[in-house]
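Quantities reported herein were computed from a predicted structural model and do not represent experimental measurements. Naming convention: chains lettered A, B, ... in sequence-line order (proteins, then strands); numbering from 1 in each chain.
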Number of protein chains: 2
Amino acid sequence: MAARDYGQYDGVTRALELVGERWGLLIVRDLLVGPRRYGELAAGLPRIPTNILATRLKELQDAGIIRRAPRSRIIVYELTAYGRELEPVVLGLSTWGFKALDEPREEQILTPAGMTIALRTAFRPDAAAALPPTSYAAGFEGAGLTIGVTGADLTVERGGGPADISFSTGPDIRAMLCGDMSGVRVLHGDERLLDRFAQTFRLAA
Amino acid sequence: MAARDYGQYDGVTRALELVGERWGLLIVRDLLVGPRRYGELAAGLPRIPTNILATRLKELQDAGIIRRAPRSRIIVYELTAYGRELEPVVLGLSTWGFKALDEPREEQILTPAGMTIALRTAFRPDAAAALPPTSYAAGFEGAGLTIGVTGADLTVERGGGPADISFSTGPDIRAMLCGDMSGVRVLHGDERLLDRFAQTFRLAA
DNA sequence: CGGGATCCCTTAGGATACTG
DNA sequence: CAGTATCCTAAGGGATCCCG
């Protein structure tokens, strides 16, 4: 038995042995957004030591959760089908964790991957399906995302781009996803689209 | 910032700061089954050092996930409403982790709480609702449980008791929950009730 | 420059003994 | 029974270095 095994035989224990180590699920979270290179992962997890990142990537690979994929001379890490099955767990943690989120502290940063998962967590497909297709360019304190909503489909991409409305927010994303748009500043576009955004993305009370 | 914070501001990160430490979610899993005393928790987590159990209980309490409840001179730990909201996460990990479970190894044990969560994970309310109410007394290698299914309702209690059928299993619970009843031995009752059990509890492929 | 490997130090976690 | 106290190991943190 590996030293850090829990010595029990059941699903929860096995899952925690595979992805329960520190940083493990955050790497999975970032890869749920899309394939990433080593340096991109390191940039999205600013406090992770490089040796830990390397170790976790090997462990996740050995467990069949991620794979290294060569993309024309550069290597990207991507989730396997089995790894993608962690999405409900990650979204569940996101839903649960948001309820315990305080005001953001000075040293806490927003990352593009974290915001992407937050948007997926808050996304209301039913509400979105009843609204016209809309694109939003959102500047989240250093994490610029382009959000596309078409019917019940959601896409989120890094970086800015043309969109129906462009806005920037303060750091308190939780407040915004709970319907408080007071920290939002519209850069261009019809301000009423903010209401549409608030209907489309909303965390449960 | 606490030394072990991740330095990010989002739901997944916050959740992992609260319950992502080693043993944290296993304690939550055991308390999802019901309130437990300190000694019961220690018995259900045989490899946890007692100082770690004490530390985790304090942390979970400070986070508002569990509370100490006096029950006439003895103290039990129980989940708060917020702690119970972790149930989907724990069941999600269970579902996911079962797919990565190998044959049980010699040193791996079954615990009553682990088996209870496994049964909840495998429970098929739709199938159960179409079957008559049934009680099962199952002996899982040292974890005796009494399982009651009434319509789409499931109850699992520790210990044996009168039941429609009584059986004992080998250690490979995963195989059994995947439909392979070859390791099961009926102690008394109508053997055909095993089929009913297999329809009621079944992990997805 | 991307993708790591190495070093040293700190601290969480494991084993065990002990106490109210 | 319900935890503390202690000691020790090994994982994690942080900086730096290496290599194709």
Side-chain angles (χ1 to χ4, degrees), chain A residues 1-8 13 16-28 30-31 34-63 66-78 107-109 158, chain B residues 1-8 13 16-28 30-31 35-63 66-78 107-109:
Chain A
M1 171 163 41
R4 293 181 77 76
D5 282 0
Y6 290 102
Q8 298 185 28
T13 302
L16 292 177
E17 285 169 357
L18 294 180
V19 295
E21 300 286 302
R22 198 162 158 71
W23 296 105
L25 277 175
L26 288 183
I27 294 172
V28 171
D30 283 16
L31 291 179
R36 291 289 181 267
R37 303 165 61 167
Y38 186 93
E40 293 176 318
L41 288 169
L45 273 4
R47 294 167 58 92
I48 195 175
T50 169
N51 56 342
I52 299 296
L53 177 56
T55 302
R56 287 291 170 276
L57 288 174
K58 275 200 230 15
E59 292 166 351
L60 292 171
Q61 199 183 334
D62 291 347
I66 68 174
R67 76 170 71 87
R68 304 179 64 173
R71 291 266 192 280
S72 67
R73 307 213 78 255
I74 63 173
I75 287 177
V76 297
Y77 295 88
E78 61 185 14
E107 72 282 7
Q108 290 182 316
I109 65 166
R158 288 175 292 180
Chain B
M1 171 161 42
R4 293 181 75 77
D5 283 359
Y6 290 103
Q8 297 185 28
T13 302
L16 293 176
E17 285 168 359
L18 294 180
V19 295
E21 301 286 304
R22 196 164 159 72
W23 296 105
L25 277 174
L26 288 183
I27 295 172
V28 171
D30 283 16
L31 291 179
R36 292 290 181 267
R37 302 167 62 169
Y38 186 94
E40 294 176 316
L41 288 169
L45 273 4
R47 295 167 57 91
I48 196 174
T50 169
N51 56 342
I52 299 296
L53 177 56
T55 302
R56 287 289 170 277
L57 288 173
K58 275 199 219 44
E59 292 166 351
L60 292 171
Q61 198 182 336
D62 291 346
I66 68 175
R67 75 170 72 86
R68 304 179 66 177
R71 291 267 192 281
S72 67
R73 307 214 75 255
I74 64 172
I75 286 178
V76 297
Y77 295 88
E78 61 185 13
E107 72 281 8
Q108 291 182 315
I109 64 166

Closest non-hydrogen contact found for A/Pro46 with B/Gln8 is CD-NE2, 3.9 Å
Q.
Heavy atoms only, 4.0 Å cut-off, all strands: where does A/Ile75 land among base, sugar-phosphate and nothing?
A. sugar-phosphate
Contacts of B/Arg37 meeting salt bridge (charged side-chain N to carboxylate O under 4.0 Å, His left out) (sequence neighbours excluded), chain-then-number -> none
Sequence neighbours excluded, the answer for side-chain hydrogen bond (donor to acceptor under 3.5 Å, both in side chains) partners of A/Arg36 is none
Taking five pairs at each terminus, the helix from C/dC1-D/dG20 to C/dG20-D/dC1 shows an axis bend, to 10°, of 30°
Which is it for A/Glu21 and B/Arg22 under the side chain to side chain contact (heavy atoms under 4.5 Å, CB included) test, yes or no, and what are the steps along the way? CA-CA 7 Å; A/Glu21 300 286 302; B/Arg22 196 164 159 72; 4.2 Å; yes
Chain A reaches DNA chain D, atoms under 4.0 Å from its heavy atoms, from D/dA11 to D/dT16
For B/Leu53, the side-chain contact (heavy atoms from CB on, under 4.5 Å) test, sequence neighbours excluded, returns B/Ile27, B/Tyr38, B/Leu41, B/Ala42, B/Ile48, B/Leu57
Sorted by chain and residue number, the salt bridge (charged side-chain N to carboxylate O under 4.0 Å, His left out) partners of A/Arg73 (sequence neighbours excluded) come out as none
Salt bridge (charged side-chain N to carboxylate O under 4.0 Å, His left out) filter on A/Arg67, not counting sequence neighbours, yields A/Glu78
Select base, sugar-phosphate, or nothing to describe what A/Arg73 touches, counting heavy atoms under 4.0 Å on all strands.
-> nothing
Taken in chain and number order and not counting sequence neighbours, the residues that satisfy side-chain contact (heavy atoms from CB on, under 4.5 Å) with B/Glu17 are B/Asp5, B/Tyr6, B/Thr13, B/Arg14
Per-nt protein contacts along nucleotides 12-20 of chain C (heavy atom under 4.0 Å; B base, S backbone sugar-phosphate only, - none) come out as SBBBBB---
Hits for side-chain hydrogen bond (donor to acceptor under 3.5 Å, both in side chains) against B/Glu40, two or more places apart or cross-chain, chain-then-number order -> none
Residues at least two apart in sequence or cross-chain that pass side-chain contact (heavy atoms from CB on, under 4.5 Å) with B/Ala63, listed by chain then number, are B/Leu18, B/Ile65
